[in-house]
Each structure stands twice: as C-alpha cells, then as structure tokens.
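Have a look at the structure below, then the notes.
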Amino acid sequence: MSKQYALPLLVLTLLATSAHAQQVPRIAAEQVAIDRGVVYSLVPQAGQYAQVFRLPRAGSIRHLMLPLACATGDQIEIAIVDAPNGVPGAQVRQVQRVDGVALDARTLPSGEFAMRLIEFTQPNLLPAGSYALTITHVGGRTCALYRAPLGDHYAGGDGYYRSSTASIWFAQSRDLGFQVFYQPFVMPSIR
C-alpha cells in the first residue's frame with residue numbers, strides 16, 4: 001500500500017471503531033415466551049440446540065439473553081454461526097464459553113423464568129443476514145434450557161437440534177427463548 005493512503009486509511013479505521021464502540025446495543029431479535037412445563041436437558045457432548053435469527057443491519061452481536069439453568073462446574077459454549085437457507089451452518093462467526101455458575105435461571109418469586117446474560121468478549125462485525133445461535137454443553141453434569149410454547153413464536157427463524165452423532169440439524173416444533181443484542185455499524189462522517 002502506498003504511504004499516501006496509509007494515514008487516511010488509519011484515520012478512517014479509528015473513526016469507524018470509535019463511532020461503533022459508543023453506541024448502545026439494540027435488540028436484533030427476540031422470542032421471550034417460555035413454557036414453564038417444557039425443558040430441554042443439555043448433557044455434555046450429547047448434542048446442540050440452535051435458534052435461527054435475522055440480523056437486520058450490519059453490526060456486532062454484543063450479548064445474548066437465554067433462559068438457561070446450570071450449576072457450578074457446568075460449562076456452556078455459545079456460538080454465532082451462519083444460517084444459509086435458514087438452517088444453522090458450519091461457519092462460526094464468534095464463540096463464547098460461560099461457566100454454569102453465571103447461568104442460573106431459577107424461577108423468580110413471580111413464577112417467571114429469568115433470562116441470563118451471555119456477553120461476547122470478542123464480538124465481530126457481521127453483515128446483515130441470517131445467523132443461528134448454537135448452545136452446546138461442554139462440561140459438567142447437566143443444564144436446563146427453557147423452551148417457547150408449542151408453535152412458531154419467532155417468524156425470523158426456527159429452533160433446531162443436532163445430536164453429537166448427526167451431521168444435520170433437525171427443526172423443532174418450538175423456538176427457543178432468546179434475545180440477541182447488537183451494535184449496528186455506522187459509517188463515520190468525515191468533515
């Protein structure tokens with residue numbers, strides 16, 4: 001690259017990073033209805049659950065909220081993957097491991113389940129499109145993942161399951177409970 005373009009490119013990159021970091025995260029997708037009587041059991045190395053969702057604009061997924069209940073010693077891996085044709089794909093865009101002690105969505109006094117925060121420590125800039133959040137139990141005993149009521153409660157994608165011995169995802173009759181928060185990318189203005 002020629003030296004005459006190096007400094008302007010550096011300045012543009014710094015402005016874009018600064019503008020992007022100052023925004024408050026927005027909800028990209030959510031489905032918060034929970035069926036208190038139906039729970040998926042997450043057992044280490046037994047399989048994965050996924051929920052396909054739409055990212056409405058380019059941006060970085062900063063955190064998720066999920067109705068997970070785990071114990072001390074459990075470990076969950078959450079990944080954001082491409083979802084070509086509305087099915088979870090193989091290309092991992094970002095991943096985060098979370099200790100079970102931080103994921104205790106026990107019933108609140110009101111009888112509702114709490115969503116638990118999963119923050120991505122290294123979020124990546126993603127183009128608008130279809131993605132899936134995948135949930136894998138990678139260590140410990142077992143975790144509970146609370147599901148949505150029967151039916152399609154999120155129109156932007158479906159819930160899926162894949163066993164550890166299968167290579168394909170199977171659509172479920174229920175979505176997962178979830179919220180995806182992102183920071184939209186904003187092209188900085190140069191004056």
Side-chain angles (χ1 to χ4, degrees), residues 1-34 48-68 75-99 102-103 105 112-136 138 145-146 148 152-160 169 171 175-191:
M1 174 187 323
S2 106
K3 288 184 181 182
Q4 73 184 39
Y5 295 113
L7 184 57
L9 183 59
L10 176 62
V11 170
L12 182 60
T13 301
L14 290 174
L15 286 172
T17 303
S18 175
H20 186 64
Q22 292 174 5
Q23 291 183 16
V24 175
R26 298 180 187 177
I27 291 181
E30 68 178 339
Q31 189 302 111
V32 295
I34 301 295
Q48 294 177 290
Y49 287 96
Q51 176 67 48
V52 172
F53 66 92
R54 296 260 328 138
L55 188 62
R57 292 178 46 193
S60 59
I61 296 172
R62 308 303 286 187
H63 63 272
L64 307 174
M65 298 291 285
L66 295 171
L68 281 165
Q75 193 170 62
I76 297 293
E77 184 175 275
I78 307 294
I80 303 298
V81 301
D82 286 339
N85 302 316
V87 177
Q91 184 173 355
V92 177
R93 294 301 194 117
Q94 59 192 55
V95 66
Q96 185 68 46
R97 283 199 178 195
V98 182
D99 290 328
L103 301 171
E112 296 300 314
F113 291 98
M115 302 282 259
R116 289 295 169 235
L117 176 69
I118 293 141
E119 290 185 273
F120 288 98
T121 56
Q122 297 180 342
N124 296 319
L125 183 60
L126 303 174
S130 290
Y131 296 93
L133 63 92
T134 65
I135 306 166
T136 308
V138 293
L145 174 64
Y146 299 97
D152 187 11
H153 293 272
Y154 174 67
D158 295 321
Y160 286 86
W169 290 93
D175 291 315
L176 299 182
F178 73 100
Q179 290 179 303
V180 177
F181 290 83
Y182 80 117
Q183 283 184 315
F185 176 74
V186 177
M187 181 61 87
S189 61
I190 299 176
R191 295 180 187 157

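Note that the structure is a prediction, hence the values are computed from the model and not measured.
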At their closest point, which heavy atom of [X] faces which heavy atom of [Y], and how far apart are they?
| X | Y | result |
| --- | --- | --- |
| G129 | R54 | C-NH1, 3.3 Å |
| P67 | M115 | CD-SD, 3.5 Å |
| P123 | R62 | CG-NH1, 3.1 Å |
| D175 | Q31 | CB-CG, 4.4 Å |
| A28 | L55 | CB-CD1, 3.8 Å |
| F185 | R57 | O-NH2, 3.4 Å |

Measuring from [X]:[atom1] to [Y]:[atom2], what's the distance to the nearest 0.5 Å?
| X | Y | atom1 | atom2 | answer |
| --- | --- | --- | --- | --- |
| L117 | L68 | CG | CG | 11.5 Å |
| D158 | F53 | CG | CZ | 14.0 Å |
| F181 | M65 | CZ | CE | 6.5 Å |
| E30 | L64 | CD | CG | 12.5 Å |
| I80 | T134 | CD1 | OG1 | 7.5 Å |
| H153 | I34 | NE2 | CD1 | 10.0 Å |

When you measure from the side chain of Q94 to the backbone of I61, do you find a donor-acceptor pair of N or O atoms at a distance under 3.5 Å? yes
So does G177 get a backbone contact from the side chain of Q51, meaning a donor-acceptor N/O pair under 3.5 Å? no
Could I get the full list of salt bridge (charged side-chain N to carboxylate O under 4.0 Å, His left out) partners for R26, not counting sequence neighbours? none
Could you list all the salt bridge (Lys or Arg N to Asp or Glu O under 4.0 Å) pairs where at least one residue sits in residues 117-129, not counting sequence neighbours? none
A quick test of your reading: do over 12 heavy atoms of other residues, nucleotides or ligands sit less than 6.0 Å from CG of N124? yes
side-chain contact (heavy atoms from CB on, under 4.5 Å) with L66: which of V98, I76, I78? I78
Is it true that E77 and T136 share a donor-acceptor pair across their side chains at a distance under 3.5 Å? no
Plane angle bin for Y154 and F178 - parallel if under 30°, tilted between 30 and 60°, otherwise perpendicular: perpendicular
Under the side-chain contact (heavy atoms from CB on, under 4.5 Å) rule, what do V81 and Y131 come out as? Steps first, then yes or no, please. CA-CA 6 Å; V81 301; Y131 296 93; over 6 Å; no
